[in-house]
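Structure first, then comments.
Just the heavy atoms: all of them, side chains too, but no hydrogens, waters or symmetry mates, feed the values below.
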Amino acid sequence: MREESLESICSALSISFGEDPIHLESIIDRFSEIFKIRDRLGQLRKKCEKFQTFTLEIRPIGGNGTSATCPENVFAYVLEPEACRQQELKTTGITKLEFGSQKEVTLKFGVLNPKKDGTSNKKGASRSASLLRKLTFSERKSTDEQLKLSIFPLDISVRKNINLGSGKSVLLEMALKRNDHRNLINPLDFDDFLEMTRSFHEWQAENCELEQYDGNLGDPTFSMFYSIAFFFEIPSFVLKITEMTCFLVWDDEMKKLDEKALTDVTLKMTACESEVDLQHPLLNPSLIYLNDCACNTIRCILQPFSNEPFFPPVSSSRLKTINASLKLITDICILDVWDEFENLANPSNFLSLELKKLLEKSAEKYGETLKKMEFHDLCRQVQSLWLTLSNESHPYCIFFHQFDINYIGAAMLKLDLSLAKSIRRSLINQLEEINHRNPTELENFTKTTMRLFVTLRNLLNLIETFHLPDCRLFHFEEWFKEITVFWTYSWREVTQKMVERTITLDEDGDSVKYGARRPLPAGLYSFLCIQKGISDDMARLEFALPHHLVICSASVINIMCQNINTYAKKLFNEAMRNHEEKASRLVRATNGIEQAMCFVEEGYRRFAQFQRVEEIVDKDDLAAVRTTSQRLLKSTRDTCETQISTLLSHFVTLKNDIVMRIAKNLCADGKESNGGLFQKSYKREVSATERIESILECCYGLVDDVRCLLLPNCFKLSTRHFATSLETEIRKNIRQKQPAEYYSNIYIALKYIYEFLEIDDRKDINLLSDLHLNSFSTNDLILSYYDSLCEKIDRTRFGNSPHVDVHISYIKMDDENTISIQIKLVKMSPIEWIDVLSDRVDYFVRLELFPKILFPSNKFDSPTTNPMPQSTRPQWKELFEIQVPLECFFLRGACLAISVFDHERFVDRLVGRGFISLHSVPEASEEKPTQRLQVPLLPNDFSDQNNVFYQLLKSRSCRDAVAKEFIETRTRRHQRIRALQTYIKRNRHRVGHMLLG
């Protein structure tokens, strides 16, 4: 240690223990022994005297303790070993005598006589030999009392009556004061204090009788150490830091240090941490040295664990040893004082860095082992890695987290490159070696790679919770871009085999029913599980790459549709075989096909992960997937419905006896026997209502039985087959040329049957329409005929056909039973089928009411306009009024015919005819008295052959007089027109001359 530091320590001890000289001597002796300076202790203590002086204050007092006056020329003589001095006492007040040390100093008082010239002797100190001899001689002769300065107590007043000789004395009050000049003592720097602390503990350890040094200083070493620290105002926290650094670098060869010593110092250091002065000059260097010692200790502690396999986690027992070894260092690292000095190196950062290095080293070593593995071993190892991290990593995460280390994150970042390279290399090699045409090899490849994909997904989900930066594992799906298509091949092959092995209809029996639901094949549940398994496989993969989603979503729908086709074909073939329970087999097969199809149709968006596809895939690919899925489902639905329809047709065939009985009873009249439907054995005339009710009751029972057996969509398809079969039988049994009531009853019964069968429209079969039309009366048919003509006119109203412009409206007459129609003929457009160049045309118009069954010619007039000679665009501007009964005016089919004729010499020629429905004529009002209409004209030779009402009337004319009259009237008109046209063609020139003449 430096000499200046020893001087400062010795001075501090002298001042600290100066009140107890005996104790001071033992302290100084121990000090010389510890620092091995016995040979120069005297010189050192001599140097230290300048830092401690004494002052003796002398004041004369009276007997009662009050201030008094001291005689003149009273001197105090200070006798030291090598010198002496004198000082005159003040007559009043305090006289101060200064001493360097109180040892071997004697004090004597006396009166100094004046010189002969009357002047006083020289005041002050004198070190002359003559004065010393005089004082010594006077001591031998005089009986004056001498005072030893060492017997004076410090800071306590002592009264002494001093005999001055010649009968004189004076009462003096004396007080010895100590003066510390500690401000002149050089303070200890941290190196000196550290050296002193180490010296104390090493001396104590050498003289300790125990096998291990416990770190406790004995007496007086303890007193010395803490007195020096107190003297130099060294904080307890710095003191404990210094002790800690000494113990951290302790040399066990001298004497082994007990671990308890470090623990005790740590506890004391933590206890006094809150009282530390952050501005103390020794705090900063003590922390720097503590950091250095702690870092060196960390290296020593972690050295035995350099080859420890920290990754992947194996067992938490390995962490207990290292955790116990780091307990002391951890306590040092968590001191709050480190946060106050952010610029200083922190042992916690160093500890975290070293532990992270060990972890990364272990992860890197693990990554090297992955590179050497074969594909299947690598897959198993990755699976094991994920399971280990999921189940065993929690203690490791907690341990490393206390050092601010993300265990999984740091390890996986280091492992990322090796893991990526190993897996990609293995996948490429497998793709090159696999035989795609070998189903077994492809299936094994699919299972292994899918398991690897799922494991990587789980591993990624695990490490994503630690918010790692972007690494290669985040893009692991790109490694499987060329592999997913083989998964779909394998899914298809495997599921096809599984579908073929489902339970057959021969094995499930006829009693297979699920509660109160319809009969289903027993193998359906297995089939639906197979379909769901494909969806589960895709969902478990959790695709995030659009490429995978597009391929697998479309493929899943395709595979499911193919499986449905396979399953439907299997059920179809089994149901179509001859069997004693064929009806039950047909029903179960039909329901099974429909249920399998509905299962996919209702959940295909969920099965194919459509919600995920919509979130990730772009619009074009999404549209392609949707279109493909819908097309596949529609095609599969069409195929399945074709098979279902075939199965149902055979099922209906088995029920044909009931259908035939219904059709026969439906087509029979009331006089025939109805024993099949009426539970009576006698014959009587049955009313139409009774017959229809019995037929409907039989149909309802049939429909109810079928409804309980079939699923809703299958039931709809079956009703169409029942309707077709029923209509076929009705056509076989229906009677021809019967009254309208006969057909009406069949029509009404058939409508009710269609309601039971839930058939809204039968456009494909015309039986209902035929029955409906045949149920019309002759008058209704005639009205319908004219109503159809009016509709034909309305459809051509806005075309380019020739037309007549009219203003028309109606008003009610006063009797309220008659309608007055006001019609004004305005003009007519050219008629394209009239050759005006070769024919002279003199147009006129006749207004007629049709049909004649309502408006006979003898009761209703037909007003006529005047002919307009040689005019292709005639304008009549004539007003007519026609009165019509109220009950006929609003009847559909009642119409007003506007007939345009060409006036000829022999016979007027009908050029065209237009029709206006009476119920469509607007009512006259003040704002619009009439409404303008353009009435299109039908040619005079238009045919009625395509008019269904005309054909029915024609077929009825042989047995109905009204129909016969109507047909004959129409026939005569057409015959006259055709005869006139023929005559004109044959006698064209003759007719022309006659017309000109």
Side-chain angles (χ1 to χ4, degrees), residues 785-786 789-790 792-793 796-797 801-808 821 823-852 855-882 895-918 933-944 966 968-988 990-992 994-997:
Y785 168 77
Y786 283 104
L789 293 181
C790 293
K792 185 175 182 180
I793 294 294
T796 60
R797 176 164 292 176
S801 59
H803 58 270
V804 177
D805 289 356
V806 299
H807 291 267
I808 188 169
I821 302 174
I823 179 168
K824 180 181 180 180
L825 296 171
V826 181
K827 61 180 179 178
M828 185 183 73
S829 64
I831 300 178
E832 59 185 7
W833 56 79
I834 299 299
D835 186 3
V836 297
L837 296 179
S838 59
D839 293 342
R840 172 175 174 167
V841 289
D842 301 323
Y843 294 126
F844 70 93
V845 175
R846 179 184 299 162
L847 301 178
E848 299 179 84
L849 292 174
F850 287 98
K852 292 304 179 178
F855 310 105
S857 301
N858 57 355
K859 293 183 180 181
F860 293 89
D861 296 333
S862 300
T864 306
T865 65
N866 297 321
M868 300 296 293
Q870 298 184 358
S871 175
T872 60
R873 298 177 183 270
Q875 297 183 5
W876 295 282
K877 298 183 180 180
E878 297 184 30
L879 181 63
F880 300 95
E881 180 180 2
I882 301 176
C895 61
L896 174 64
I898 302 176
S899 304
V900 179
F901 291 88
D902 179 18
H903 179 66
E904 300 288 353
R905 174 174 297 182
F906 299 103
V907 60
D908 294 331
R909 180 173 52 147
L910 180 63
V911 175
R913 178 174 287 172
F915 296 91
I916 300 175
S917 296
L918 295 184
L933 292 176
Q934 290 184 348
V935 183
L937 299 177
L938 296 176
N940 59 352
D941 59 347
F942 74 94
S943 176
D944 291 324
F966 175 82
E968 288 179 350
T969 302
R970 297 291 299 173
T971 303
R972 286 197 299 271
R973 182 176 68 84
H974 284 288
Q975 288 175 350
R976 287 198 303 269
I977 292 174
R978 285 194 292 272
L980 180 59
Q981 292 174 347
T982 304
Y983 176 80
I984 292 175
K985 290 181 180 180
R986 293 179 179 178
N987 304 281
R988 187 176 188 83
R990 183 179 178 184
V991 172
M994 292 174 63
L995 292 175
L996 291 175

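Remark: Q875 pairs with K827, K877 by the side chain to side chain contact (heavy atoms under 4.5 Å, CB included) rule, at least two apart or across chains.
For the residue pair H803 and D805, the shortest heavy atom distance occurs at CD2-OD1, 3.0 Å. Heavy-atom minimum distance, L910 versus S899: CD1-CB, 3.9 Å. In terms of heavy-atom proximity, F915 sits nearest to L938 at CE1-CD1, 4.3 Å. Annotation for S829 and P802: closest pair OG-CA, 3.3 Å, computed over non-hydrogen atoms. V900 and Y843 get closest at one heavy-atom pair: CG1-CD2, 4.0 Å.
Separating the CD1 atom in I898 from the CZ atom in R913 is a distance of 11.0 Å, to the nearest 0.5 Å. Between atom CG of residue L847 and atom CD of residue E881 there is a gap of 12.5 Å, rounded to the nearest 0.5 Å. A distance of 9.0 Å separates CG in D861 from CD1 in I882, rounded to the nearest 0.5 Å. Rounding to the nearest 0.5 Å places CD1 of I916 at 13.5 Å from CG of L789.
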**Message:** Could you walk me through whether L849 and L896 satisfy the side chain to side chain contact (heavy atoms under 4.5 Å, CB included) test, starting with their C-alpha distance in whole Å, then the side-chain angles of each, then the deciding distance to 0.1 Å, before giving a yes or no?
**Reply:** CA-CA 5 Å; L849 292 174; L896 174 64; 3.8 Å; yes
**Prompt:** Can T864 and V845 be said to form a side chain to side chain contact (heavy atoms under 4.5 Å, CB included), step by step?
**Reply:** CA-CA 6 Å; T864 306; V845 175; over 6 Å; no
**Item:** From CA spacing to verdict: side chain to side chain contact (heavy atoms under 4.5 Å, CB included), L918, F855
**Value:** CA-CA 12 Å; L918 295 184; F855 310 105; 3.9 Å; yes
**Request:** Kindly indicate, with the supporting measurements, whether the criterion side chain to side chain contact (heavy atoms under 4.5 Å, CB included) is fulfilled by M828 and L937.
**Result:** CA-CA 10 Å; M828 185 183 73; L937 299 177; 4.1 Å; yes
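Although no hydrogens or angles enter the test, the distance criterion places no donor-acceptor pair under 3.5 Å between the side chain of S862 and the main chain of E848. Side chain of D902 to backbone of D842: a donor-acceptor contact under 3.5 angstrom is found.
By the 4.5 Å heavy-atom criterion applied to side chains, K852 and T969 are not counted as neighbours. Within the 4.5 Å cutoff, side-chain heavy atoms of F880 are placed close to those of T865.
Between F966 and Y785, the two ring planes are perpendicular [angle over 60°; tilted spans 30° to 60°]. Using the six-membered ring where Trp is involved, F844 and F901 have ring planes that are parallel, under 30° apart on the 30 and 60° scheme.
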